[in-house]
Amino acid sequence: MSHHDERTFVMVKPDGVQRGLVGEIIGRLEERGLKLAAAKFMQIDQDLAEQHYGEHEDKPFFDELVAFITSGPVMAMVWEGADATRQVRQMMGTTDPKEAQPGTIRGDLGLDLGQNVIHGSDHEDEGANEREIELFFDEDELVDYERADEPWVYEDA
Ligand code: DAT
Ligand code: MG
């Protein structure tokens with residue numbers, strides 16, 4: 001694995017799907033130079049939602065969070081690239097879109113903490129990216145390939 005093979009789990013949440021933002025979000029990640037490694041348009045069931053948000057099970061907003069993420073289809077994806085987990089988090093902006101910087105996905109596309117458009121693995125939570133990828137995808141669903149522009153994104157590609 002080269003240094004630009006880090007993978008992270010990204011999901012357009014039900015509000016983003018309903019608002020027609022899937023293409024916009026995929027476009028931003030693609031244009032950055034990140035590489036799509038897997039994608040699944042799906043409906044999350046209760047069990048998967050509770051596992052995915054397990055770290056929040058004791059929070060007062062847990063039930064609301066699970067209800068929201070199961071309320072409609074999501075676009076679950078794996079994106080790959082240098083420092084991918086942290087870079088996607090920076091592109092997402094802070095959790096509350098009202099505090100997120102303009103230029104970020106949440107800062108440009110959202111206004112409500114409970115409907116903040118996108119999920120991305122937390123780079124401050126060691127191994128969260130791999131855990132979340134495993135929860136949503138089988139190993140054989142991850143596609144390994146070269147993007148034609150890689151030498152123009154990475155100097156050492
Ligand atoms: P992030 O999605 O930025 O990783 P998180 O993991 O702390 O944020 O929380 C998961 C989701 O839960 C978040 O995207 C929106 C919701 N959430 C977080 N804090 C909340 C709060 N205080 N009240 C209601 N919903 C909250
Ligand atoms: Mg989180």
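Atoms within each ligand, like the ligands themselves, are counted from 1 in listed order. Throughout, numbering of the chain's residues begins at 1 and tracks the sequence.
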For ligand 1, does [X] get within less than 4.0 Å through its side chain, its backbone, both, or neither, judged by non-hydrogen atoms?
{"X": "Leu113", "result": "both"}
{"X": "His52", "result": "neither"}
{"X": "His56", "result": "side chain"}

Considering only protein heavy atoms, which is closest to [atom], and at what distance to one decimal place?
{"atom": "atom 14 (O) of ligand 1", "answer": "Asn116 ND2, 2.8 Å"}
{"atom": "atom 2 (O) of ligand 1", "answer": "Arg106 NH2, 3.0 Å"}
{"atom": "atom 19 (N) of ligand 1", "answer": "Phe61 CZ, 3.4 Å"}
{"atom": "atom 11 (C) of ligand 1", "answer": "Leu65 CD1, 3.6 Å"}
{"atom": "atom 8 (O) of ligand 1", "answer": "Thr95 OG1, 3.2 Å"}

Lys13 to Phe68, cation-pi by 6.0 Å centre distance and 45° axis angle: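 So Lys13 doesn't make the cation-pi contact.
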Should the pair His119 and Phe9 be assigned to parallel (<30°), tilted (30 to 60°) or perpendicular (>60°) ring geometry?
->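 Tilted.
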- Item | Aromatic plane relationship, His4 with Tyr154 - under 30° parallel, 30 to 60° tilted, over 60° perpendicular |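 Ring orientation of Tyr154 relative to His4: parallel.
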**Message:** Between Glu150 and Lys35, does any NZ, NE, NH1 or NH2 come within less than 4.0 Å of an OD or OE carboxylate oxygen?
**Reply:** yes
**Asked** Going through the distances and angles, do Leu109 and Ile25 end up as a side-chain contact (heavy atoms from CB on, under 4.5 Å)?
**Response** CA-CA 10 Å; Leu109 306 176; Ile25 289 167; 4.3 Å; yes
Review point. Short question: side chain of Asp138, backbone of Asp140 - any donor-acceptor pair under 3.5 Å?
Key: no
ask   = So, Ser121 and Glu132: side-chain donor and acceptor under 3.5 Å apart, yes or no?
value = yes
Examine ligand 1 and decide if any of its atoms is less than 4.0 Å from a heavy atom belonging to Arg89.
yes
With a cut-off of 4.0 Å, which atoms of ligand 1 are near a heavy atom of Lys13?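 Answer for ligand 1: 14 (O).
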